[in-house]
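Here the structure comes first, spelled out in structure tokens, and everything after it is commentary.
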Protein chains: 2
Amino acid sequence: MPKRPLDTIDYRILAALQEDGRMSNLDLADKVGLSPSPCSRRVHLLETDGFIRRYVALLDPATIDLPVHVFVNITLEKQVEASLETFERTVLERPEVLECYLMTGSFDYLLRVVVSDLAAYERFVLDHLTRIPGVASIKSSFALKQVQYRTALPLGHLAE
Amino acid sequence: MPKRPLDTIDYRILAALQEDGRMSNLDLADKVGLSPSPCSRRVHLLETDGFIRRYVALLDPATIDLPVHVFVNITLEKQVEASLETFERTVLERPEVLECYLMTGSFDYLLRVVVSDLAAYERFVLDHLTRIPGVASIKSSFALKQVQYRTALPLGHLAE
DNA sequence: GGACGCTTTGGCATGAATCACCAAGACTGT
DNA sequence: ACAGTCTTGGTGATTCATGCCAAAGCGTCC
């Protein structure tokens with residue numbers, strides 16, 4: 001649910017900043033067809049209104065020596081709904097868990113974990129995952145290759 | 001495999017820019033314990049050496065009206081290894097596919113797809129996925145809640 | 001142990017960008 | 001058609017980024 005209606009220029013700004021978050025306001029203004037002043041103001045509004053959450057630098061996992069990508073399917077015992085929060089809290093404070101989703105169906109979580117090697121992954125599973133109460137099963141799937149990794153949401157025709 | 005050895009200050013720079021990609025060089029220099037000049041130089045080296053891939057703005061999927069997150073497990077027929085490339089090429093050009101991984105085991109792909117509603121997802125599956133030759137099965141799992149979404153790689157103790 | 005050479009740092013100056021303010025234009029509703 | 005409101009575009013002051021150069025740290029070699 002959009003907080004407020006955005007026009008084409010707003011979407012163009014979002015699309016541009018999704019691709020290059022460090023684009024200068026002058027270039028951005030030129031790209032979206034606006035002069036620098038109103039462009040800067042719109043960017044700040046998009047930030048304060050929550051459309052832009054943050055700006056980040058994306059690193060190359062391989063060069064940082066974090067080549068192991070694991071997807072973890074976790075099933076919780078059904079009766080422990082109260083411990084969902086415990087599980088999520090634990091997951092949130094583990095930096096190697098880059099993504100965590102609560103999935104439809106039974107109480108299943110899907111985790112994307114990045115570690116330096118299999119030993120580190122084993123430590124993560126044994127020291128953290130299995131210690132969470134209510135975890136019924138842990139199924140790990142390893143990624144051979146990252147074919148695509150996007151952070152840019154598909155704005156599609158909205159940005160023209 | 002790291003391209004070159006990084007020291008603690010480099011890792012501190014990477015950690016800081018992962019959290020705030022628009023941090024000013026003065027703040028960054030202050031944070032990592034360096035003066036602005038060498039800090040700026042190190043950042044540029046980290047960029048040109050490939051440790052920093054890019055800078056992006058992260059948008060809020062909910063406010064942009066893209067609330068449907070789907071994970072898609074795709075099995076390819078084993079004999080069509082030549083069409084792996086076809087599959088990957090198709091996936092790469094679909095903006096709603098934010099992530100795509102080639103998984104271990106059989107020829108399985110895992111996709112993370114973001115769309116505005118179920119109808120859009122149906123169109124994506126019917127118009128694009130099923131049209132790729134060699135696709136044996138498509139299994140969709142829907143995310144109820146995004147518990148965690150990080151882009152920052154765990155640098156851990158490296159950044160102190 | 002001392003001195004040389006390499007690498008990195010820190011300060012300064014210049015050029016550029018950002019941000020706030022104000023006037024002018026467009027648009028809507030009456 | 002007119003008035004009110006919102007958005008735009010320009011200008012100026014402040015802040016920031018970046019290239020240059022001297023100095024310091026450090027390892028090495030003699």
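A note on names: the letters A, B, ... follow the listed sequences, proteins ahead of strands, and every chain is numbered from 1.
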Checklist line | Residue mapping more 5' on DNA chain C - nearest nucleotide basis, A:Asp27 or A:Arg41 | finding: A:Asp27
What is the distance, to the nearest angstrom, from the [atom1] atom on [X] to the [atom2] atom on [N]?
X       : N      : atom1 : atom2 : value
B:Asn25 : C:dA17 : CG    : P     : 16 Å
A:Arg22 : D:dT18 : CZ    : C1'   : 13 Å
B:Met23 : D:dC16 : CE    : C1'   : 15 Å
A:Tyr55 : C:dT18 : OH    : C1'   : 13 Å
B:Leu28 : D:dT15 : CG    : C1'   : 17 Å
A:Asp7  : D:dC6  : CG    : P     : 16 Å
B:Leu45 : C:dT7  : CG    : C1'   : 12 Å
A:Ile13 : D:dT7  : CD1   : P     : 13 Å

Next item on the list: Look at the rings of B:His69 and A:Tyr101 and say which category their plane angle falls in: under 30° parallel, 30 to 60° tilted, over 60° perpendicular.
Entry: tilted
Next item on the list: Establish whether the base of C:dG11 is bridged to the side chain of B:Ser35 by a donor-acceptor pair shorter than 3.5 Å.
Entry: no
Next item on the list: Compute whether any side-chain donor of one residue and acceptor of the other, for B:Tyr55 and B:Glu47, lie under 3.5 angstrom apart.
Entry: yes
Notebook entry, point to check: Are side-chain N/O atoms of B:Ser116 and B:Tyr121 paired as donor and acceptor at under 3.5 Å?
Noted result: no
Notebook entry, point to check: Looking only at side-chain N and O atoms, does A:Ser24 come under 4.0 Å of OP1 or OP2 in C:dA17?
Noted result: no
Next item on the list: Report the nucleotide, chosen from D:dC16, C:dT18, C:dT9, that has the shortest atom-to-atom distance to any side-chain atom of B:Leu26.
Entry: D:dC16
Note to self: Closest approach to the side chain of A:Leu34, judged atom by atom: which nucleotide of C:dT18, D:dT8, C:dT9 is it?
What the structure shows: D:dT8
Checklist line | A:Asp49 and A:Arg4 ion-paired at < 4.0 Å | finding: yes
Check: With a non-hydrogen cut-off below 4.0 angstrom, is B:Ser37 in contact with a base, only sugar-phosphate, or nothing?
Finding: base
Next item on the list: Calculate, to the nearest 0.5 Å, the distance between atoms CZ and CD belonging to B:Arg112 and B:Glu96 respectively.
Entry: 12.5 Å
